[in-house]
Amino acid sequence: MNDRFIVTIDGPAASGKSTLAKLLSKRDGFLHIDTGALYRTVGYALGLNPTKEQLDNLDLTVEKKDRIVIKYKGEDVETFIRTEECGMLASNVAKLEFVRDFVNDFARKLAAKGKYVIDGRDCGSIIFPDADLKIFLVASIKERALRRAKEDGKSVLKIEKDIEKRDKQDKNRKVAPLFKPKGAVEIDTTNMSVEEMYLKVKRLIEDRYEHNNS
Ligand code: CDP
């Protein structure tokens, strides 16, 4: 039996990645590593254009609880980093190779023995190309904007424009662009309930687990 089981979830903005990862964490005991949250934290702390030196000196700590708690200057950043402004800052710092190296190392070091779910843009392609199960989530831009609008109460049209811009930037950048990783299972969540999405992935995990241990 393997002592590590890794599920990666990649996909564009608001496609359901973190909802799915949180459910796998809560119900099935996977530890959730949210790589987007790391990019968001770097953007939040250092702005659009950080230097390597600033990153090396960043006062960032993590705690392994039911989720990975990211702390900047000793404070949990979760409530500050979820705005679309931070999303765009994240997308900008994510173009820098030294920032990507930092996040990739972080994720790889955290995922030792156990069950992990890791979500972002390059988790199944670059961070864990040998993951046990790779999921690629997609949904229509309208549906994704509606979901984000429900979360933060802003206008659907404005959010639609913002996430379209960010997706374009993420898909077209030179370093680690967003694409469906080799061997990933694509799931279109546009007309799916959260529960349907979760059950579909849970079945895939069970199949893969049996396959690994047979
Ligand atoms: O939640 P949402 O899908 O809107 O974004 P996120 O996963 O928190 O990621 C924020 C931004 O970080 C993305 O738009 C990407 O530019 C960047 N990112 C990345 O480049 N690679 C990752 N593995 C994760 C996030």
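All ligand and atom numbering here is 1-based and tracks the order in the structure.
- With a 4.0 Å cut-off on non-hydrogen atoms, Arg173 touches ligand 1 through its side chain and not its backbone.
- The protein heavy-atom contact nearest to atom 17 (C) of ligand 1 is Ala94 CB, 3.8 Å.
- Counting only heavy atoms of the protein, atom 7 (O) of ligand 1 lies nearest to Arg121 NH1, 3.1 Å.
- Distances shorter than 4.0 angstrom do not occur between any heavy atom of Gln169 and any atom of ligand 1.
- By the 6.0 Å contact criterion, NZ on Lys142 is open, its count of non-hydrogen atoms from other residues, nucleotides or ligands being 12 or less.
- Asp76 has no carboxylate O lying under 4.0 Å from a charged side-chain N of Lys71, or vice versa, which leaves the two without a salt bridge.
- Between Glu206 and Arg203 no salt bridge is recorded (no basic side-chain N to carboxylate O distance below 4.0 Å).
- Counting the atoms of ligand 1 from 1 in the order shown, those under 4.0 Å from a heavy atom of Ala14 are 3 (O), 4 (O).
- Residue Lys154 holds its NZ atom at 15.5 Å from CD of Glu160, rounded to the nearest 0.5 Å.
- Distances from ligand 1 to the non-hydrogen atoms of Ser18 include no value under 4.0 Å.
- The shortest N or O to N or O distance between Lys17 and ligand 1 is below 3.5 Å.
- For ligand 1 and Ala13, the ligand atoms under 4.0 Å from any heavy atom of the residue are 3 (O), 4 (O).
- Under the 4.0 angstrom criterion for non-hydrogen atoms, Arg100 is in contact with ligand 1.
- A donor atom on one side chain and an acceptor atom on the other are not found under 3.5 Å apart for Asn92 and Tyr39.
- The protein heavy-atom contact nearest to atom 16 (O) of ligand 1 is Asp170 OD1, 2.6 Å.
- Counting only non-hydrogen atoms, the option in Gly43, Ala176, Ala21, Gly36 that gets closest to atom 9 (O) of ligand 1 is Gly36.
- Contact record, Asp132 with Phe5: OD2-CA, 3.3 Å, taken as the closest heavy-atom pair.
- Of all heavy-atom pairs between Lys95 and Val175, the closest is O-CG2, 3.6 Å.
- The backbone N or O of Arg166 lies less than 3.5 Å from no partner atom in the side chain of Lys171, so there is not a single donor-acceptor pair.
- The protein heavy-atom contact nearest to atom 8 (O) of ligand 1 is Arg40 NE, 2.6 Å.
- With Thr189 as the partner, the side-chain hydrogen bond (donor to acceptor under 3.5 Å, both in side chains) test is satisfied by one option alone out of Arg147, Glu196, Lys200: Arg147.
- When hydrogens are left out, the protein atom nearest atom 24 (C) of ligand 1 is Thr35 OG1, 3.3 Å; that is the closest non-hydrogen contact.
- At least one N or O atom of Arg166 sits closer than 3.5 Å to an N or O atom of ligand 1.
- Ion pair Lys168/Glu164 not flagged as a salt bridge, since none of the NZ, NE, NH1 or NH2 atoms sits closer than 4.0 Å to an Asp/Glu carboxylate oxygen.
- Atom 23 (N) of ligand 1 has its closest protein heavy atom at Asp122 OD1, 2.8 Å.
- Among all heavy-atom pairs drawn from Ile68 and His32, the shortest one is CG1-O, 3.3 Å.
- Distances shorter than 4.0 angstrom occur between a heavy atom of Arg148 and an atom of ligand 1.
- Protein heavy atom nearest atom 11 (C) of ligand 1, with residue, atom name and distance: Ala90 CB, 3.6 Å.
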